[in-house]
Amino acid sequence: MTDEIYDLGQGFWSIRGSFIKNGIMDIGVQSALVQLASERFIFLDSYTLTGKVRQQVMALTHDGQDVEAVLNVHPFHTVHCAQMAKDFPEAIFYGSSRHQEQVPNVKWSKDLVESEVVTTRYTELEFSLPKGIYYISPNENVHASSLLVYHPASKSLYIDDTFEIPPSKLFHAVQPSLGLHPTTKQALIDEATASEQYCDWATNLAHAWRDARYFCGAHSGLVDFGEGRFESALLSAIDAARSELQSP
């Protein structure tokens with residue numbers, strides 16, 4: 001997969017990269033560059049930038065000098081953090097407690113990425129942490145949760161794993177179906193109301209972010225939902241999964 005960068009407008013760039021799983025399949029990975037009102041920049045997630053994508057990012061950020069911070073929003077996406085820290089040594093690196101444990105050579109901020117201290121700092125973005133499921137699952141193979149990010153100005157929704165879209169072409173003309181990560185049930189916390197908490201959270205999210213147009217998924221690719229379609233797609237996904245999540 002060739003690295004690409006897509007300008008979604010209003011100061012939001014989706015960066016699509018390569019990630020080879022089990023040495024066989026390229027399932028893709030993502031990052032995003034966001035310009036703040038201050039005209040400085042932040043990244044969502046770490047990725048090793050190369051070639052033309054790196055050149056474009058460096059041109060936008062004055063050789064990285066204007067990069068204020070990197071927000072690593074998925075606890076299990078840690079592969080590129082060390083290199084990103086080398087590439088942008090002046091940036092503040094935010095991550096989960098797992099990032100700090102897995103990549104201790106990065107100088108992490110004491111403020112966790114999911115903390116209110118961080119999520120209220122960047123008013124250009126809206127954040128949501130799933131309820132009813134572990135953010136950092138005790139099972140290393142369960143990656144259903146991530147800190148979701150919405151950029152209202154560009155109507156771009158940045159999601160690592162929590163929701164996904166079956167393989168489709170970039171900007172597919174037909175509305176894609178939306179689904180939950182396959183390990184969502186395994187990620188439920190040990191509470192009787194966990195599935196209800198999760199479904200209520202996702203339902204409220206569908207309403208709150210109903211205007212979302214661009215779906216930036218870590219392994220789903222970049223998909224244009226068009227105007228006013230995300231809400232119904234997410235509500236349908238929740239309705240389809242509800243009985244399975246609630247079953248013993």
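No hydrogens, no waters, no symmetry mates; every other heavy atom, side chains included, goes into these values. Residue indices begin at 1 and follow the sequence shown.
- Of all non-hydrogen atoms in Gly95 and Glu114, the two that sit nearest each other are O-OE1, 4.3 Å.
- Gln30 places a side-chain N or O within 3.5 Å of a backbone atom of Ile159 that can act as its donor or acceptor partner.
- The cluster map of Ile, Leu, Val, Met, Phe, Trp and Tyr, joined by side-chain heavy atoms under 4.5 Å apart, puts Leu112 and Val73 in different clusters.
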Step-by-step side-chain contact (heavy atoms from CB on, under 4.5 Å) determination, Phe12 to Cys216: CA-CA 11 Å; Phe12 191 97; Cys216 306; 4.1 Å; yes
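- The CD atom of Glu101 sits 11.0 Å away from the OG1 atom of Thr78 when rounded to the nearest 0.5 Å.
- A continuous path of ILVMFWY side-chain contacts below 4.5 Å connects Val118 to Leu36, so both sit in one hydrophobic cluster.
- Under the rule for a salt bridge (Lys or Arg N to Asp or Glu O under 4.0 Å), Glu124 has no partner lying at least two apart in sequence or in another chain.
- Judged as a salt bridge (Lys or Arg N to Asp or Glu O under 4.0 Å), and not counting sequence neighbours, the contacts of Arg213 are Asp224, Glu227.
- Between Phe93 and Phe88, the distance from one ring center to the other does not fall under 6.0 angstrom.
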List the atom pairs, donor and acceptor, that lie under 3.5 Å between side-chain atoms in residues 60-72 and the rest of the protein, sequence neighbours left out.
unit_1 : atom_1 : unit_2 : atom_2 : d
Thr61  : OG1    : Val57  : O      : 2.8
Thr61  : OG1    : Gly64  : N      : 3.0
His62  : ND1    : Asp66  : OD2    : 2.6
Glu68  : OE2    : Tyr122 : OH     : 3.1
Asn72  : OD1    : Ser46  : N      : 3.3
Asn72  : OD1    : Ser46  : OG     : 2.7
Asn72  : ND2    : Tyr94  : O      : 3.0

Side-chain atoms of residues 143-153: list all donor-acceptor pairs with protein atoms under 3.5 Å, sequence neighbours left out, distances to 0.1 Å.
unit_1 : atom_1 : unit_2 : atom_2 : d
His143 : NE2    : Glu140 : O      : 2.7
Ser146 : OG     : Asp160 : O      : 2.7
Ser146 : OG     : Thr162 : OG1    : 2.9
Tyr150 : OH     : Ala212 : N      : 3.4
His151 : ND1    : Ser154 : N      : 3.4
His151 : ND1    : Ser154 : OG     : 2.6

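- Within the 4.5 Å cutoff, the side chain of Tyr158 has no heavy atoms near those of the Ser14 side chain.
- Closest heavy-atom contact between Val29 and Tyr47: CG1-CE1, 3.5 Å.
- In terms of the salt bridge (Lys or Arg N to Asp or Glu O under 4.0 Å) criterion, residue partners of Asp87 (sequence neighbours excluded) are, by chain and number, Arg54.
- Taking each heavy atom of Ser156 and Leu8 in turn, the nearest pair found is OG-CD1, 3.4 Å.
- The shortest heavy-atom contact between Ala202 and Leu234 is O-CD2, 3.5 Å.
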Derivation of the side-chain contact (heavy atoms from CB on, under 4.5 Å) call for Ser31 and Leu44: CA-CA 6 Å; Ser31 178; Leu44 302 178; 5.6 Å; no
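- In this structure, Thr50 OG1 and Gln55 CD are separated by 9.5 Å, a value rounded to the nearest 0.5 Å.
- Here the closest non-hydrogen pair linking Val142 and Ala187 is CG1-CB, 3.5 Å.
- Counting heavy atoms from C-beta outward, Pro75 and Tyr135 have side chains that approach closer than 4.5 Å.
- Distance CG/Leu235 to SG/Cys199: 11.0 Å, rounded to 0.5 Å.
- Considering only heavy atoms from C-beta on, Ile42 stays 4.5 Å or farther from Ile92 through its side chain.
- When each of Arg98, Gln100, His99 is tested with Ser96 by the rule side-chain hydrogen bond (donor to acceptor under 3.5 Å, both in side chains), just one qualifies, namely His99.
- In this structure, Gln186 CD and His181 NE2 are separated by 9.5 Å, a value rounded to the nearest 0.5 Å.
- Neither side chain, Tyr134 nor Asn139, offers a donor N or O lying under 3.5 Å from an acceptor on the other.
- Ring planes of Trp201 and Tyr198: tilted class, angle from 30 to 60°.
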Stepwise side chain to side chain donor-acceptor pair (under 3.5 Å) check, Asp161 with His74: CA-CA 9 Å; Asp161 294 4; His74 195 313; 3.1 Å; yes
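- Note that CG of Leu178 is 12.5 Å distant from CD of Glu231, once rounded to the nearest 0.5 Å.
- Side-chain N or O atoms of Trp209 include none that pairs as donor or acceptor with a backbone N or O of Asn204 at under 3.5 Å.
- Panel note: side chain Thr184, backbone Leu180; no donor-acceptor pair is recorded below 3.5 Å.
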Audit row: Gln35, Trp13, side-chain contact (heavy atoms from CB on, under 4.5 Å) steps and yes/no: CA-CA 9 Å; Gln35 187 168 29; Trp13 290 264; 4.1 Å; yes
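- Side-chain contact check for Gln197 and Thr193: at least one donor-acceptor pair (N or O, by modelled atom type) lies under 3.5 Å.
- The backbone N or O of Asp111 sits nowhere less than 3.5 Å from a side-chain atom of Ser115 that would complete a donor-acceptor pair.
- Residues Met58 and Ile5 fall within the same hydrophobic cluster, defined by Ile, Leu, Val, Met, Phe, Trp and Tyr side chains chained together at heavy-atom separations under 4.5 Å.
- Asp45 contributes no side-chain N or O that, together with a main-chain N or O of Ala32, makes up a donor-acceptor pair within less than 3.5 Å.
- Proximity of Phe76 to Asn141: side-chain heavy atoms (C-beta onward) are nowhere separated by under 4.5 Å.
- By the 4.5 Å heavy-atom criterion applied to side chains, Phe163 and Phe215 are counted as neighbours.
- Taking the side chain as every heavy atom from C-beta outward, Phe43 and Ile15 approach each other to under 4.5 Å.
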Show which side-chain atoms of residues 238-248 pair as donor or acceptor with protein atoms under 3.5 Å away, not counting sequence neighbours.
unit_1 : atom_1 : unit_2 : atom_2 : d
Glu244 : OE2    : Lys185 : NZ     : 3.4
Ser247 : OG     : Lys185 : NZ     : 2.8
Ser247 : OG     : Glu244 : O      : 2.7

Pair Val223-Tyr214, side-chain contact (heavy atoms from CB on, under 4.5 Å): steps then yes or no: CA-CA 6 Å; Val223 177; Tyr214 299 111; over 6 Å; no
